[in-house]
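Take a look at the structure below.
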Amino acid sequence: AQKVTQAQTEISVVEKEDVTLDCVYETRDTTYYLFWYKQPPSGELVFLIRRNSFDEQNEISGRYSWNFQKSTSSFNFTITASQVVDSAVYFCALSEVGSNSGYALNFGKGTSLLVTP
Amino acid sequence: NAGVTQTPKFRILKIGQSMTLQCAQDMNHNYMYWYRQDPGMGLKLIYYSVGAGITDKGEVPNGYNVSRSTTEDFPLRLELAAPSQTSVYFCASSYSPRYGETGANVLTFGAGSRLTVL
């Protein structure tokens with residue numbers, strides 16, 4: 001079963017629009033970690049954020065913000081005033097402390113974001 | 001500080017050939033991972049290692065083998081390549097939780113190796 005669901009396959013916005021990427025996860029662990037990674041067209045994977053299951057505070061980093069809600073098992077990512085350089089595939093990932101897999105990340109299928117001028 | 005280095009970046013194989021994808025990290029990380037990325041499918045875990053001499057299967061291990069003789073190196077071996085193994089392969093590493101921490105530290109990824117099997 002898919003543990004991380006990113007229902008939006010592709011999103012297209014015009015520059016300066018705000019955009020939210022959805023992530024819903026599934027776990028029975030009480031201790032787990034959630035991540036977002038960015039994969040620009042060049043192909044590398046760039047770490048954006050890590051959040052543990054005990055910290056539901058929202059986080060803001062410049063134009064990026066994350067909303068973690070355990071009640072709905074969601075960890076959504078918002079880009080404010082999007083820019084062309086934000087065009088990339090964004091992955092949400094889950095690591096379960098009890099999974100006995102060396103804390104490997106379980107990735108969603110990704111959301112491809114295209115920002116046009 | 002090179003981070004995680006993967007070689008080769010690109011390779012074309014014929015069906016039935018074998019090859020090894022190399023992965024090396026210089027961050028003294030205990031944990032290392034191999035993932036494959038297929039279009040629209042996210043990344044799937046092939047194998048992982050929690051330290052030298054210790055490896056274990058991930059979600060999609062069939063057709064692959066790994067070894068971990070040193071902390072730095074984690075090669076992925078493809079035996080009898082098949083078209084289904086056409087993919088982009090990523091190696092990653094992370095440090096193990098320190099005393100008092102609970103897991104899941106940030107994974108640092110290599111640049112990827114694009115493999116085509118014809």
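Just so we're on the same page: letters track the sequence lines, and every chain starts at 1. Any value given below was found using the heavy atoms of this structure, including those in side chains, with hydrogens, waters and symmetry copies removed.
For A:T27, the side chain to side chain contact (heavy atoms under 4.5 Å, CB included) partners are A:Y25, A:D29, A:Y32, A:L94, A:E96, not counting sequence neighbours.
Checked by atom type, the side-chain pair B:R114/B:Y89 shows no donor-acceptor distance below 3.5 Å. A donor and an acceptor atom, one from each side chain of B:R77 and B:T20, are located under 3.5 Å apart.
Using a 4.5 Å cut-off between heavy atoms, B:L107 contacts chain A through both its backbone and its side chain. Using a 4.5 Å cut-off between heavy atoms, A:Q6 makes no contact with chain B at all. Contacts between B:E59 and chain A at a heavy-atom distance below 4.5 Å are absent for every atom of the residue.
For the set A:S42, A:A104, A:G110, A:A93, the entry with the most heavy-atom pairs within less than 4.5 Å of chain B is A:A104.
Using bins of under 30°, 30° to 60° and over 60° for the plane-to-plane angle, the ring pair B:F109/B:F90 lands in the perpendicular bin. Ring geometry, A:F77 versus A:W36: the interplanar angle falls from 30° to 60°, so the pair is classed tilted.
Nearest heavy atoms, B:M32 versus B:C23: CE-SG, 3.5 Å. Residue B:L115 comes nearest to B:M19 through the heavy atom pair CD1-SD, 3.7 Å, listed as atom of the first residue, atom of the second, then distance.
Contacts with chain B (heavy atom to heavy atom, under 4.5 Å) involve no residue of residues 63-71 of chain A.
Under the ring pair (Phe, Tyr, Trp, His ring centres under 6.0 Å) rule, A:Y103 has a single partner from B:Y31, B:Y33, B:Y95, B:Y48, which is B:Y31.
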